[in-house]
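Working notes for the structure below.
The shown structure was predicted, so the numbers you read here are calculated from the model rather than taken from an experiment.
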Amino acid sequence: MKNIYTYGGRPARRNLTVACLRANKAAGRKMTQASATTEEEARACEEMGIDMITISDLDYDAVRRGASYTFITSSQTMCQYYAPQDCLTAALKAAEKGADAIFTPRGMGIVELIANEGLAVQGHVGLVPRKSTLTGGLKTYGKTADEAMQLLDWMRRYEDAGAAAVEVECVAVEALEAINHKTSLLTHSIGAGSGGDIIFSFMEDICGDVENPPRHAKAWGDLLSLRRAMGAEREKALTGFRADVQSGAFPDAAHTVGMLPGEHEKLKEALDKWTPVHQ
């Protein structure tokens with residue numbers, strides 16, 4: 001556990017720092033990263049020893065409550081912030097709260113802008129789904145030597161922009177294995193084999209909570225079946241509630257409280273004698 005100060009100037013403790021991640025890369029130690037959106041998911045990650053968590057910056061507060069010590073990457077989506085200054089402002093706010101790194105899928109100018117403020121920035125290469133129309137659709141990259149060299153060129157460009165890490169998505173296994181030691185970037189592999197420094201998977205894929213998971217996803221649980229069973233129980237309960245209310249079976253004596261003995265008769269007598277003040 002490392003003692004740090006957050007970008008916002010608060011003392012904190014972290015399981016890893018960027019320096020730790022780089023040392024692990026040099027030593028060939030594989031690390032794990034999962035996504036989280038709730039305090040409960042984040043707590044489970046920390047308690048189960050997941051090395052890193054990636055989140056939407058909108059979920060940061062809840063996730064940090066659940067994972068006080070875990071290295072958290074705060075992610076921005078492609079269209080979440082448009083102007084460069086908005087991207088920078090959001091990154092600084094996330095870092096002020098305690099985010100350990102900032103993910104952006106935007107261009108090198110945005111990466112450089114954020115990195116210049118002393119923040120660890122993560123980019124994205126390989127399959128970038130939002131840019132897939134420019135690169136021939138949803139496909140695996142690095143199947144040829146030329147494509148693998150193009151990936152390395154993209155990584156070098158990220159290095160020049162000041163990035164510390166890069167997500168490598170849907171890349172041929174041998175390609176990432178071959179080029180990983182050629183870059184100083186921390187590589188987060190998703191659908192790119194075990195050649196990356198950090199193996200990343202989404203929480204819903206890990207837990208089996210997706211009906212049609214991507215090819216590279218593996219489930220170690222079956223939350224989808226549990227969720228469906230919960231949905232069926234919810235429907236059964238709501239149907240029963242509505243039916244019993246309509247039939248008069250609910251509320252019944254077992255679920256209500258009556259008046260004290262004799263008080264009901266007194267009430268009826270009082271009501272018989274009662275006259276409204278204003279007619």
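Between the side chains of Thr32 and Asp51, at least one donor N or O lies within less than 3.5 Å of an accepting N or O. For the residue pair Thr183 / Glu159, a side-chain donor-acceptor distance below 3.5 Å is found, with atom types taken as modelled.
Using a cut-off of 4.0 Å between Lys/Arg side-chain N and Asp/Glu carboxylate O, Glu263 and Lys266 are scored as salt-bridged. Under a 4.0 Å N-O distance rule, the pair Glu265/Lys268 qualifies as a salt bridge. Of the charged side-chain nitrogens involved, at least one lies within less than 4.0 Å of a carboxylate oxygen, so that Arg43 and Glu39 count as a salt-bridged pair.
Other residues sharing a hydrophobic cluster with Phe202 under the 4.5 Å side-chain heavy-atom criterion for ILVMFWY residues are Ile190, Phe200.
Residues Tyr7 and Glu117 have side chains in contact (heavy-atom distance under 4.5 Å, counting atoms from C-beta outward). Contact check for Leu21 versus Phe71: side-chain heavy atoms found under the 4.5 Å cut-off. Looking at Thr70 and Cys45, their side chains never come closer than 4.5 Å, going by heavy atoms from C-beta outward. The shortest side-chain heavy-atom distance between Lys131 and Pro105 does not fall under the 4.5 Å cut-off.
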inquiry  = Run Ile53 and Glu41 through side-chain contact (heavy atoms from CB on, under 4.5 Å) and show every step you take.
reply    = CA-CA 10 Å; Ile53 299 175; Glu41 289 179 347; over 6 Å; no
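Counting non-hydrogen atoms of other residues, nucleotides and ligands closer than 6.0 Å to CZ of Arg227 gives a total of 12 or fewer.
Applying the side-chain hydrogen bond (donor to acceptor under 3.5 Å, both in side chains) definition to pairs two or more places apart or across chains, those involving residues 97-110 are Arg14-Asp100, Asp61-Lys97, Arg64-Asp100. Contacts classified as side-chain hydrogen bond (donor to acceptor under 3.5 Å, both in side chains) and involving residues 214-224 (residues at least two apart or in different chains) are given here: Asp222-Ser225.
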